[in-house]
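Since the structure is predicted, the reported quantities are computational estimates derived from the model, not experimental observations. Quick note on labels: first sequence line is chain A, next is B, and so on, each numbered from 1.
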Amino acid sequence: MALLEVSAIEVNYGRVTALSGVDLTVNEGEIVTVLGANGAGKSTLLRAILGAVPLKAGGIRFSGADITRAPTHSRIASGLVLVPEGRRILISLSVEENLQLGAHMRTDTTRVKAEIDAIYQRFPNLAERRHMLASCLSGGEQQMLAIGRAMLAKPRLMMLDEPSLGLSPLFVSKLFDLIKELNRDGLSILLVEQNTGKALGVAHQATVLELGRVVMAGDPKALAADPRLQQAYLGEGTPSH
Amino acid sequence: ARADGELILGYMMAKSGPYVSLAGTNEIAVDLAVEEINAKGGVNGKKIKVVKFDTAGDPKQATTALRRFADDDAAIAVIGPFSSSEIRTTFPVGERAGIPQMSMASSAPGLTKGFSYGFRNTTDEGIVLDQVMASIKSKNLPAASGAAAYATDDVVSKSMGTVVVPKLFEKYSVPAKGSVDFQLSAFDLSPQVSKLKEMAPDIVGLGSPPEGAVNLAKELKRQGVNTRVIGGTTIADPELPKRMDGAGETLTIGTTFFPDVNDKTKAFSAEFAKRTKAAGIARTEPNQMDAAVYDIVYLYAEAMKRGEVAGTKDKLISDRTAVRDELAKLKDFDALEGKISFKDGDAVKPIYILEVKGGKWTLLDTRMPE
Amino acid sequence: MLTQQIINGLMLGAIYMLVAVAFTLAIGVLNFLNFSIPGLFMLGGVATFGFLKMGWPFLLAAAGALFIAALVSLLVERLAYRRMKEGDADVPLVSSLGFLVLLENLVLIRYGSDQQAFPALFPDMNLRVGGLVIGIVQLVSMAISLGLVAWLSWFLRTTNAGRRIRTVAENRETAMLMGINIERLVPQLFVCSALLAALAGLLFAINYQQVTPFMGEGIGFKAVAAMIIGGMGSIWGAVIGGLLIGLAEVLSVSFIGADVVNITVYGLLLVILILRPQGLLGRPPAREKL
Amino acid sequence: MTAATPALEIKGLQKSFAGVRAIRDLSFTVPKGHATALIGPNGAGKTTVFNLVSGVYGIDAGSIHVNGTDITRMPSRQRIRSGVARSFQNIRLMGHLSVLENLLVGQHVRASSLCALITPYRLIPNHKWKREARRALEESGLGQYADETVGALPYGVRKRIDLVRATLAGANVLMLDEPAAGLNPSETNALRDHLKALIASGLTLLVVEHDMHFVDSICENVVVLNFGEKIAEGPLSVVRKDPKVREAYIGSDEE
Amino acid sequence: MSGYLTGVLVVLAFNVMAAYAVYLPMAAGQLNLGIAGFMAVGAYAAAYLTNEMMWPMWMAIPIGSAAAGLVGILIGIPVLRTHGIYLALATFALGQVIAAIFLNLEVVGGAAGYPVTEFASPYVVFAAAIGVTLFMVLLSRTRYALYLTAVKSDPTVADLMGISVRGIQVSAFALGAAVAGFGGAFYAHHYNFIEAQHFSVLLSVYTVLYVLFGGTQTVWGPLVGAAFFTLVPELLRASEQWRYALFAMFIIVFMALRPQGLITASLFRIFRRRPKAAAGTEAQGKGASA
Ligand SMILES: Nc1ncnc2c1ncn2[C@@H]1O[C@H](COP(=O)(O)OP(=O)(O)OP(=O)(O)O)[C@@H](O)[C@H]1O
Ligand SMILES: Nc1ncnc2c1ncn2[C@@H]1O[C@H](COP(=O)(O)OP(=O)(O)OP(=O)(O)O)[C@@H](O)[C@H]1O
Ligand SMILES: CC(C)C[C@H](N)C(=O)O
Ligand SMILES: [Mg+2]
Ligand SMILES: [Mg+2]
């Protein structure tokens, strides 16, 4: 069953057209990945789904309801969440407060406490720094915080914008394990990644954007084998020495 | 913009800004005077026409107004400006342009000094307060000790508190117990009154605009201090007793206008009341500036008559000089406020000593400054 | 005498304190130096005065005034604050000042620039103990202020609302991405800040039995100074700052003279800022790590 | 200064934040004309090393030499003059300015006389500063963005502009903090070529990077940090076999 | 020229000078709410030199300006430890303190004010304002202006690029003060009378208002803002008591429509679009061939 349906959306920044006629479907329990070069419009797509940029045309449905005109906060309340590009940690709040903020819409405070502890276990770096200002964290630690914060919102669809950015190889592996684990537990995921190989590895569906349009879509394994994609995004075209 | 055969006067109003409450009704008095004069045939057979400009009490805008009257409107003389601050910037311009000005409210000491075209139909606060003291002494009111209270950031108030009051206490041999001061914008005078309470003087010489007088009176009452506050023309507001709302009994001031002096003042007050009511203005009783500005029109009319001004463009310069010279020579001109003469550019005219009794101004004494 | 003066100073400080808290809500939280607050302060006093003049009972008049202030504040939010895009925090300052000028002039057109006598609510409202005079109304208003401030600071510290507000303060766009309903939260804050300011204006009018169109300006400036001394965004800082400014003002008036009031009050502000740039209880701003 | 003088020499470096020891007795050198990588798990202290070298924080103990000059006690703004420039992990471009203007700011060290300060260069068509900045942009294939406002550009483009700005300071030691993060593989390739060209022109690089392919292709030497300590040093092929490094950083499933 | 127009243009000239005095530090991220204080320093210093030392005006005015600049340096060094709104309030306090000092300084008349003998004619004042404008336009084309923006938007990075952030900040502050002092010195000699109240907080605040209103993104904003604030109230004269209320409504509406100020960079881009594109391709061509 389709959880998220994006149909023929168009987004402009002033005169620049960032997205045009983009369709995308995420089914319940699926991982969908969106690939594309810099400036292709991946981040814009996620922001549009969240309602952070206005749509010029098209529609969005989430779990059966039309949310095309819904304000961002009500979309989030209905189970969407975004780990944004550039992390957007709140630097004047402590690490713990950042996490609590992720759960600000929830009322089950005891569960939230337990989940925060679980996140500390998963990311020990954060546990050590729970009472420090988030501005002190290293780049990778901030990325962990952003992911943890999104998990605490208890979403039905989690959108991740380049989550592996700045993470060490060990942590990238852990991250993809986490993504799989969350997905196993029933969470649907929309993943934007530069780590194309890994993203195609976990996804059930993939979409490739170019200059704001969908140029390829379908089964990730088939796409991974597509020479056009290999050329452009897998870096196989110019072998390293 | 001038039809030949009209005598043009510029009028700087303070219709907005800090002085509106005192100056807002002046326009009615000016219009009244002009209508009366023109109804009687004008001056030398020519009608008077007034050109108006709102300065908002701002010295910069007042300068603009004066430039306009002098250059564009070819006015023979200028009614105003209102305040001392405005005078400080417009008198030099008027002197260079050679156009007479006459203020209806400015009472800071010595502002006309060095200006031959600058006049004020006002009396220096020092002279006014002198007469108040004289009156208190002559009526044998309690005056065993005194203190001063004044605003520090206003020229007139400060000079009252630091120079005039101490000098007068000495002159009338009232032992001074000290002084308290406050800012113009102060609303809380409790520290000052706590100090006055300790000094317990019979009279407090006040240098302040009306707001300070109201606040001081209320705080004196709150802290239970009984003393007679005396002040000058700056607080001569007909509504003051009402504004003090039960406080301020025995407050005593000197002013240059009181409505109940004679038939002329009563008639003026009645007409003024009629016109203000028609205009929907809350205060219907004329204040001292209303009377002063009314007299300024008559003073100019008289000076133009005596100087035989022509009111034509080619004679403008000599007309203005003639007005100036005639004003300077004027002696005991019979005006609304009483007999007016000019000494060094400032008017010399009777002073009415008023006291608050039962929440109303009452006439205590009438005096002519020596 | 000194005791009396200290009492006088604290009573004055209580007024500054409430306005300072109103400012701190707007600036510490919304990053918006809201110059309409002095106007709302004035409105609290003048509108009550106006309603009383129309014959309304006191409580109704006061409620009416607070209601009007809240409405105006929502308008300020709409027309000034909401227009502030990411970045330049100075911008809405202009329109908020526009609101101050507008409010002042509207009141001026209605009631004139004169100081108006606000009716005394009770005949003699003063405690007299051993030569000391303490205004009962002032005492009550101080108690109300402190109680309100204590509640507010508790609320912001311990509830989710506090965290949401701080998120909005740091970055509106992130707050939006976090699902915070800015459209509702921000107006709530504006209303809250307006109510504090208007309440302060009302208490002022009762205490000093006067209202004028310009009564907000001087107090507004001192309150901003109080807020800064205490540390922006810190509610207890605003309280301490307000009382300090009140004391500094009264003590310098009574022991040196009124001509030095501005030098001592603003000099104090300047010195505190130079020695402790974030104010007494303020936290230094978090900087983004490289 | 001989060829043997290291471009960057760090000795006994120590730094604590509020009692937390972020860098512990760290020493290493970066030889001239080569690329060296600084790697390690998240929070190991890599960015902190950059911050200490560029003077964002004062150090607790140790010394830093750039091209033989002791810069340990130098104010941060002067360090760039001794020849060390850096890029930023979280891109720090001035968002309201145009790309060109950002680059002009980057040129500052080489145009810092009073005269340069008050020349109304914007009135002079094709002024040499503008020309130079444009050329640098062309060379990294970003020419079309010169007059755009930085804030609206996509992440990858901004990342590259940050790099160009660092090169414009004319420094011979460049510290690059995760230059390939957020780039897709083909862009990473382009970046690699660009960096190789820089090395060939005689620049020295110190690179923090988590992409091991990338590190492998340009860096001869790597320094591995963990908890602020150096745990290994040497060619990547050797270091990556080190069990300590595998456990802390690379993990077992890498390749 | 008509006397009225002269009078209005003179006011405009002074407002323009004050506006640029505010604009310069604002470009470096400093909101100076004490500009009136620096105008006072320039005015009193120059007036003292012509009155008591019998200096000619053309010498006294630059020295007055320099005196204000010097005070700017001396005060800027400690005060620029503060940032953002704290700095704004520190400068605000500074303005108050300076005005209070002149109010008590008897050598220059104290509360009675200070008459000035030498007269600067309207044309001299116009020339001064045009001079200041040209200077600012020229300055906006330099690296110095670029660094002001850089320091404003990211002081940490500017510092790492080798820019002396402190130097830029203090110089911008002092240069702004000097421009203010320059205007103040002319003010004293044009109106031939100065008093502390002329240099009140409201003057500072209003000046900041026109600069923000005009827009701070380009060098033309302050000019347009000053013109708007000087001329519109004149045009509204006919509306009498509604004049300032209407004016305030104008401000609110304009700011709601153009929150970045009347004149913005994008406005200029619209005009320049075509010629700039041409220049771009030309430069690219050269770059490739070089
Ligand atoms: N705020 C903005 N204003 C104007 N244009 C914008 C803005 N944000 C993005 N764009 C433009 O929209 C297009 C798509 O940008 P977007 O950030 O969605 O790309 P992306 O695929 O996420 O790239 P990256 O991989 O670099 O993150 C780009 O051309 C970009 O320049
Ligand atoms: N200003 C600071 N205050 C407090 N702690 C800090 C500060 N700067 C860095 N740290 C701490 O020092 C440690 C090292 O941080 P650093 O940013 O150098 O890590 P890194 O190696 O660059 O990691 P990453 O790969 O995630 O960017 C981190 O744990 C961080 O929390
Ligand atoms: C009406 C008064 C406030 C005027 C004052 N007496 C002056 O000289 O300016
Ligand atoms: Mg993106
Ligand atoms: Mg790092």
So, are [X] and [Y] salt-bridged, with charged N and O less than 4.0 Å apart?
| X | Y | value |
| --- | --- | --- |
| Glu187(D) | Arg192(D) | no |
| Asp177(A) | Lys174(A) | no |
| Glu233(D) | Lys230(D) | yes |

List the atom pairs, with distances to 0.1 Å, where a side-chain N or O of residues 40-53 of chain A and a protein N or O form a donor-acceptor pair under 3.5 Å, not counting sequence neighbours.
unit_1: Lys42(A); atom_1: NZ; unit_2: Gly36(A); atom_2: O; d: 3.0
unit_1: Lys42(A); atom_1: NZ; unit_2: Ala37(A); atom_2: O; d: 2.9
unit_1: Ser43(A); atom_1: OG; unit_2: Glu85(A); atom_2: OE1; d: 3.0
unit_1: Ser43(A); atom_1: OG; unit_2: Glu85(A); atom_2: OE2; d: 3.4
unit_1: Ser43(A); atom_1: OG; unit_2: Asp161(A); atom_2: OD2; d: 2.8
unit_1: Thr44(A); atom_1: OG1; unit_2: Tyr13(A); atom_2: OH; d: 3.2
unit_1: Arg47(A); atom_1: NH1; unit_2: Glu173(C); atom_2: OE2; d: 3.1
unit_1: Arg47(A); atom_1: NH2; unit_2: Glu173(C); atom_2: OE2; d: 2.6

With chain D as the partner, which of Val172(A), Asn195(A), Leu165(A), Leu167(A) has the greatest number of non-hydrogen pairs under 4.5 Å?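 Top option by heavy-atom pairs under 4.5 Å: Leu167(A).
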Looking only at heavy atoms and a cut-off of under 4.5 Å, which of Gly39(A), Gly14(A), Gly166(A), Ser164(A) has the most pairs with chain D?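 Top count of heavy-atom pairs under 4.5 Å with chain D: Gly166(A).
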Within residues 132-144 of chain A, contacts to chain D at heavy-atom distances under 4.5 Å involve Ser138(A), Gly139(A), Gly140(A), Glu141(A), Gln142(A), Met144(A)
Can you say whether the rings of Tyr249(D) and His210(D) are parallel (under 30°), tilted (30 to 60°) or perpendicular (over 60°)? tilted
Checking [Y] against [X]: is there a side-chain donor and acceptor pair closer than 3.5 Å?
| X | Y | value |
| --- | --- | --- |
| Glu30(A) | His204(A) | no |
| Tyr155(D) | Gln194(A) | no |
| Ser54(D) | Arg86(D) | yes |
| His131(A) | Glu96(A) | no |

What parts of residues 41-52 of chain D touch chain A if we use heavy atoms and a cut-off under 4.5 Å?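 Result: Pro41(D), Asn42(D), Gly43(D).
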Proximal component of Leu153(D), with respect to chain A [non-hydrogen, under 4.5 Å]: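 Neither part; nothing is under 4.5 Å.
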Relative to chain A, which segment of Glu209(D) carries a heavy atom at a distance below 4.5 Å: side chain, backbone, both, or neither? neither
Could you pull out all residues at least two apart from Ser76(D) that satisfy side-chain contact (heavy atoms from CB on, under 4.5 Å)?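 Ser76(D): side-chain contact (heavy atoms from CB on, under 4.5 Å) contacts with Asp159(E), Leu160(E).
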Nearest heavy-atom approach of Pro31(D) to Thr36(D) is CD-OG1, 3.7 Å
